[in-house]
Structures are given as C-alpha cells and as structure tokens.
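Shown next, in structure tokens, is the structure this report addresses.
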Protein chains: 2
Amino acid sequence: MAGIDDVARAAGVSTATVSRALRGLPNVSAATRTRVLAEAARLRYVPTPSASSLATGRTRTIGLLTPWVSRWFFANVIEGAERALRDLGFDVLLYTFDVRRSAVRRRVDPHVLRHRVDGTLVVGLGLDDDEVRSLVGLGRPLAFVGSGPADQVTVRLDDVATGRAATQHLVDLGHRVIGHVTGVPDRDSPWTPPVGRSRGYARALEDAGVRYDPSLEVDGDFDVEGGRASTTALLRARPDVTAVFASSDEMAMGAILAARDLGRRVPQDLSVIGVDGHDLGELAGLTTMVQDAYQQGADAALLLMEMIGGAEVPASLTYPTQLVQRASTGPPTQEGPAAAARGGE
Amino acid sequence: MAGIDDVARAAGVSTATVSRALRGLPNVSAATRTRVLAEAARLRYVPTPSASSLATGRTRTIGLLTPWVSRWFFANVIEGAERALRDLGFDVLLYTFDVRRSAVRRRVDPHVLRHRVDGTLVVGLGLDDDEVRSLVGLGRPLAFVGSGPADQVTVRLDDVATGRAATQHLVDLGHRVIGHVTGVPDRDSPWTPPVGRSRGYARALEDAGVRYDPSLEVDGDFDVEGGRASTTALLRARPDVTAVFASSDEMAMGAILAARDLGRRVPQDLSVIGVDGHDLGELAGLTTMVQDAYQQGADAALLLMEMIGGAEVPASLTYPTQLVQRASTGPPTQEGPAAAARGGE
DNA sequence: CTGTTAGCGCATTCAG
DNA sequence: CTGAATGCGCTAACAG
C-alpha cells in the first residue's frame with residue numbers, strides 16, 4: 001500500500017521531510033507539515049513498523065512475561081498494563097510460562113525478546129538468577145510486578161506485612177493451629193509473593209507465641225483446584241487445624257471447597273482468609289486482603305515508559321493491602337473441628 | 001550483537017547460506033549446515049525480527065483482539081491461543097477493547113495491524129461491518145472465537161442451542177416467568193453470543209408456550225457487578241420472576257448476589273443458570289452450561305496457522321456445551337418470590 | 001550446493 | 001527548513 005515515497009511525491013517533498021513531519025520533529029515549516037499530514041491521511045499511509053524498527057532500533061513494543069492469564073491477579077495486571085501501554089502508543093507481546101508444580105516451566109529465553117521489545121514487564125513470575133541476569137543483559141528497561149529481585153524496579157505489595165496481617169487476623173480471632181496454603185514455592189526465587197507471605201505468616205505466629213510448624217504449609221498452585229487439593233490433604237493430616245491462610249483468593253476458595261468436601265463448616269469448623277480481593281470473593285463470603293492488581297499493572301507500565309524515556313524512577317512501588325472481613329473467618333469453636341474430624345468423611 | 005555476517009564469516013560461507021541453513025531450507029549440504037549451526041550457537045546469533053520481516057513481509061506474529069482479559073472466557077481463550085501459537089513459533093500481540101456499556105469502545109483500527117501481524121484472532125468481540133471489512137481488507141488470515149460473522153472462520157458454541165437448553169432446563173423445572181441477563185447487546189453485531197443466546201432463550205419459551213417478554217431481558221456487562229446490578233433492577237421491576245438465565249457464569253453469580261441482596265433465597269425464591277463452567281461455579285453451587293474456552297482458543301490458533309500455511313480450513317468449528325446441574329436451580333416454590341417481594345427489602 | 005546482487009521501507013546523517 | 005545519500009539486517013532471486 002502507500003509508502004513513504006508515495007506521500008513524499010504527493011506532497012512534493014522528500015521522504016526525509018515526510019518522516020520528520022509525521023513524527024512531529026522540529027525543522028519542518030507549518031505549511032509543509034500540514035500538507036504532508038493531509039497527503040498521508042488521504043493516502044492512508046501507515047509506516048511499516050519493521051522498517052522503522054530496523055532503522056531506529058526501537059520497536060514501540062513491550063514484552064509481558066507471565067505464568068498465566070487465567071488467574072485473577074495476572075489477568076488484572078495484564079489488563080491494566082495493556083491499557084496504559086497502548087494509550088501511550090506501545091504494543092504488548094504476551095508470553096506465558098506455565099508454572100504449576102505439575103508442569104515443567106519453559107525457561108525464559110531473552111533471545112526471543114532481543115530486537116523485539118523496547119522493554120520487559122515480568123508479571124508474577126519467579127525467575128532464577130540466570131534468567132534475571134539474561135533479561136538485564138538485554139540492555140532494555142525491565143520492571144517487575146507482583147514480585148521481583150531487590151535490585152530491580154518492582155511494583156508490588158509488602159508481602160510480609162500482608163501475610164502477617166492476614167495471619168494476625170486469624171490469631172486475633174483466637175486461632176492457634178493455622179494452616180498456610182502457599183503458591184508455588186518449589187521453583188521460586190526468594191523474592192516471590194508466596195515466600196514473603198509465608199514469612200509474614202511465620203512472623204505473626206511468632207508474635208502470638210505459636211511455634212511455626214512447616215507441616216502446616218502446603219502448596220496450592222495458585223488456583224482453585226490446587227487450593228482444594230492441598231487443603232484437603234492438610235486437613236486430613238492435621239485435623240486440629242482451625243484456620244487457613246491462603247496466599248490467593250482462588251486458593252482460599254479452593255480451601256472452602258475442601259472444608260465442604262470434608263464436612264466442615266466455614267467458619268465454625270474452619271476459618272479461611274485469602275489475598276486479592278477477587279470479584280467473586282463476596283459471593284463466597286471470603287475474608288481477604290484486598291489489593292488493586294489493575295493499578296499495579298498500569299503503574300508498572302508507566303514506570304517502564306519513563307525508564308524508556310530515560311527518566312529516573314523509584315526503585316519500587318509498594319501497594320497497600322486492606323483487610324476486608326466477611327463470613328469465612330470467625331472464632332474457633334470448641335467442638336467444631338474435632339467433632340468434624342471424628343464424624344466427617 | 002552478532003549479526004548474520006559474523007556468522008557467515010565465522011563459518012566461511014555467505015550470508016545467504018547462513019540464512020538458508022538456519023531456517024532449515026533445502027540446498028545446503030549437511031556439513032555446511034552443521035558448521036553454520038555451530039557457529040551461530042557459539043556466537044549466540046539471533047535474527048533480528050524487524051529485518052527479516054522487512055525482507056519477507058511476514059512477522060510470525062498474531063494479533064489477538066479482545067474486549068477484556070479479566071473475564072473467565074476471554075482469559076481462557078487467550079491462554080489457549082497463546083500456548084498453541086507459541087508452540088508453533090508465533091508471537092502474540094494483545095489488543096484489548098473495553099466494551100462495557102459505560103465505556104466508549106475504541107474502534108478496531110486495522111492500520112495498526114498492517115505489516116505487524118500475519119493473522120488476526122478476534123476473541124469475543126462484536127465488530128460492526130466496517131470493522132470486519134477493514135480486517136478482511138488486511139488480506140491476512142482472520143479467525144473469530146466465541147462470536148463471528150457467518151462468512152468468516154469461527155470457533156464457537158451453538159449459542160442458540162445453548163441458550164435454549166439453559167432456558168429449557170428452567171422451564172422443565174416448572175418456571176414460567178424467566179428473566180434473561182444478556183451481555184452487551186447494544187453495540188453488538190447480530191452474530192455475538194448474547195444475541196444468539198437470547199434467541200435460544202426466546203425459542204425455549206416459545207416451545208413452552210410462554211410469551212417472550214422483552215422487559216424480562218436486561219444487560220449485565222458480562223461481569224459480576226453488571227449481573228448483580230441488572231438482576232437487581234429486574235427483580236425490582238418484576239418481582240414475579242422466579243428464574244434467571246444469565247449469558248455468562250460471572251453474570252449469573254452476580255445474579256445470585258442480587259438475589260441475596262434482595263433477601264431472596266437461591267434456588268427457592270430464584271433459580272439461576274449461567275454459561276461457561278467457571279472455576280468458581282462449584283463453590284457458588286451454580287448450575288451452568290459448561291464449555292471449554294481454553295480449547296477453543298487453541299483450536300482457533302491452529303486454524304489460523306493452517307490458513308497462514310495456505311490450507312483449506314472448515315468454515316467454523318462448533319463446540320458442544322453441557323448442562324451441569326448444581327444447587328442454584330430448582331423448582332419454583334409457591335410462596336417464595338411473592339413472599340419475598342412482599343417481605344423483602 | 002553456494003555466492004552475488006538487490007532490495008524490503010524507513011530514519012538519519014550531512015550538505016545546502 | 002529541506003533534500004540526497006547511506007544503512008539498518010536479512011531474504012530472495014538469479015547466476016554459477
């Protein structure tokens with residue numbers, strides 16, 4: 001279709017002038033610019049991205065790396081980031097890396113990103129040091145959302161505080177034997193949310209004078225079924241558990257299902273608290289630590305844009321989290337769990 | 001970093017040979033190919049996509065257009081498509097177009113896609129004729145998921161049958177005053193799911209000898225809050241409604257929240273059925289028409305790949321849907337709704 | 001089987 | 001303020 005030469009010819013100028021005029025660069029007279037713009041519009045001229053990328057080395061594209069798109073946190077971050085990025089004229093290349101225990105995650109290969117993106121956004125993905133290094137080695141701006149190494153630009157919660165507050169809530173209600181459903185810690189880097197939240201969990205227990213017991217922690221794969229399966233296993237192994245803190249709302253809702261499967265009432269026989277503020281949390285009556293994932297995505301995108309623009313940006317943005325108490329948490333009952341353990345199943 | 005010339009020099013061949021060897025083209029001796037591959041690996045050579053795009057006119061990239069990523073159906077389709085596409089060496093450019101009633105959707109502008117993608121996947125987005133025409137005008141393979149014009153390659157449910165079966169389920173239970181929460185029909189093209197499901201709804205009523213009443217249909221914006229708000233309005237205007245068919249599970253769960261808000265029990269005072277098979281449907285006890293969104297995304301991606309390869313593909317793939325009955329639907333009760341309408345609020 | 005030669009379409013020097 | 005010339009890195013004929 002119409003190329004830059006066509007526009008140049010039609011406007012009676014050189015391609016260089018067309019290029020300058022169209023990109024709003026200086027050194028073009030108002031009259032010339034107007035004429036060029038008019039001709040470009042008339043001919044429906046659109047620059048070929050690969051040509052301009054080849055010439056400039058820039059792509060106006062951001063690579064977005066994430067484990068999943070079908071999980072509340074990730075979907076919302078992606079949506080926020082995509083909107084912000086596109087408003088600023090950037091495209092988003094989406095790359096998923098399934099991270100469940102059952103799956104062997106494909107390694108992040110920076111090669112595919114080289115010459116393809118102007119910057120990279122890593123959303124909730126636990127990378128090992130090599131991967132981070134190679135990403136940094138791309139020499140392009142890099143930002144993390146949800147979790148990231150200490151020396152990288154990161155937008156996230158204070159996971160330790162969040163885990164601590166959630167657990168504290170359970171402690172305040174009188175619980176002492178509290179289980180914890182984490183995400184996918186196996187392959188995790190020390191800086192991922194499950195790790196921080198687990199630390200907060202341990203700390204709150206410590207504050208309460210309760211001994212931290214690793215056997216009370218199970219992996220939930222960050223989804224409903226994972227939360228259900230791991231909570232089921234936990235409750236079978238430890239019928240004395242009266243409350244569970246899950247690292248995400250989806251796993252928390254899985255925990256509620258597990259309780260139901262085992263004939264335990266929530267919250268009388270089992271209290272459950274999650275993290276996220278999932279849209280369906282209210283329906284499930286789920287107590288949770290609410291966060292704004294969409295905004296985190298949008299803010300991270302903005303940070304990345306500023307970095308690309310050469311600006312200095314804060315090393316990290318920490319988002320607040322807010323306890324919303326609903327029906328899934330309450331004080332432990334005397335007869336509850338034990339009775340259920342005897343009578344259940 | 002290392003360019004094709006570096007590899008050529010190191011391997012003692014021309015750049016053309018390197019290009020051929022690396023892409024597995026014929027007319028390269030085994031020995032030469034081995035040597036080139038070795039040198040390329042050693043130098044960590046990666047082709048610059050913009051350069052090869054410029055030369056070939058192909059991008060190995062697919063444009064994925066969708067209203068949202070944070071809705072069950074869309075997230076799952078996107079995930080399925082991305083996985084399938086990447087396995088075949090294609091990248092995915094993600095473009096969202098918010099479609100809620102409250103938002104003015106940005107129009108789909110094919111210009112941004114020109115020279116940027118080898119094909120386009122439209123996921124659950126209702127486009128007007130102009131938009132479809134312009135997308136077709138790109139001259140690149142195009143496929144639709146969830147909804148699409150009759151003359152385009154489409155992967156989807158039989159929406160009429162689905163709406164009909166869902167409504168029939170309610171009719172079979174004895175309901176006669178049945179509301180319907182649609183998606184976003186305003187801007188919709190005639191071929192979007194809400195329209196088809198609504199037709200199925202009307203048809204099932206007709207079969208049952210019940211007069212179709214437009215005042216029983218409300219828009220739910222395809223999300224929880226939308227379903228909740230519209231159902232609330234519906235139940236206030238028509239307290240005689242005993243059942244609701246929602247076009248998506250998220251809206252259905254919103255409907256359950258609305259019932260709860262108004263003091264109506266589900267299913268005694270209000271039966272609710274949705275469409276999707278949302279992960280959290282079981283927790284909510286939601287009766288629904290289950291579909292496999294992930295697979296639809298993956299299959300559509302495969303179709304697109306075949307089209308790009310020049311193969312003939314079926315005009316459309318129709319996915320089955322399956323009724324899963326849970327606790328949210330049941331026979332209407334005599335006293336239920338009326339009593340609630342009198343006593344409620 | 002392999003090398004040479006031309007572009008692909010645009011951005012950017014550097015003169016003018 | 002504008003134009004001519006050069007190159008970004010790779011692929012695709014076409015010779016050989």
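The figures here come from the full heavy-atom set of this structure, side chains too, leaving out hydrogens, waters and symmetry mates. All values reported here derive from a predicted model rather than from experimental measurement.
A salt bridge links Arg106(A) with Asp87(B); the closest basic N to acidic carboxylate O contact falls under 4.0 Å. Ion pairing between Arg71(B) and Asp221(B) fails under the 4.0 Å rule for side-chain N and carboxylate O. A salt bridge between Glu82(B) and Arg86(B) is present, with a side-chain N of the basic residue lying under 4.0 Å from a carboxylate O of the acidic one.
An angle of 30°, rounded to 10°, separates the two end axes of the helix from dC1(C)-dG16(D) to dG16(C)-dC1(D), each defined over five pairs.
For the salt bridge (Lys or Arg N to Asp or Glu O under 4.0 Å) with Asp118(A), the qualifying choice from Arg58(A), Arg60(A), Arg140(A) is Arg140(A), the only one to do so. Results of the salt bridge (Lys or Arg N to Asp or Glu O under 4.0 Å) test with Asp128(A) over Arg107(A), Arg105(A), Arg133(A) single out Arg107(A) as the only residue that passes.
Rounded to an integer number of Å, the gap from Arg60(B) CZ to dC10(D) P is 16 Å. Distance, Arg116(A) CZ to dC10(D) C1': 14 Å, rounded to whole Å. In this structure, Asp6(B) places its CG atom 11 Å from C1' of dG9(D), rounding to the nearest Å. Asp5(A) has its CG atom 13 Å from the P atom of dG3(D), to the nearest Å.
Comparing Arg23(A) and Thr56(B) by the nucleotide of DNA chain C whose heavy atom lies nearest to each, the residue mapping closer to the 5' end is Thr56(B). Looking at which nucleotide of DNA chain D each of Ala16(B) and Leu54(B) is closest to, the 5′-most match is held by Leu54(B). Comparing Val46(A) and Pro26(B), the nucleotide of DNA chain C nearest to each residue sits closer to the 5' end for Pro26(B).
The phosphate of dT2(D) (OP1 or OP2) has a side-chain N or O of Ser29(A) nearer than 4.0 angstrom. Between Thr32(A) and dT2(D) there is a side-chain N or O to OP1 or OP2 distance below 4.0 Å.
The nucleotide range of DNA chain C contacted by chain B, defined by atoms under 4.0 angstrom from heavy atoms of the protein and reported 5' to 3', is dC1(C) to dG9(C).
Scored by the side-chain hydrogen bond (donor to acceptor under 3.5 Å, both in side chains) test, Glu79(B) finds Ser70(A) as partners (sequence neighbours excluded).
Checked by atom type, the side-chain pair Ser19(B)/Arg23(B) shows a donor-acceptor distance below 3.5 Å.
Counting any heavy atom pair closer than 4.0 Å across all strands shown, Arg58(A) reaches sugar-phosphate atoms only and no base atom. No contact: Val18(B) has no heavy atom under 4.0 Å from any strand.
Taking CG from Leu65(A) and OH from Tyr95(A), the interatomic distance works out to 8.0 Å, rounded to the nearest 0.5 Å.
Picking from dC8(D), dC10(D), dC14(D) the nucleotide with the shortest atom distance to the side chain of Arg20(B) gives dC14(D). Ranking dG9(D), dC1(D), dG3(D) by closeness to the Ser14(A) side chain, first place goes to dG3(D).
With ring centers used as reference points, Trp191(B) lies under 6.0 Å from Phe144(B).
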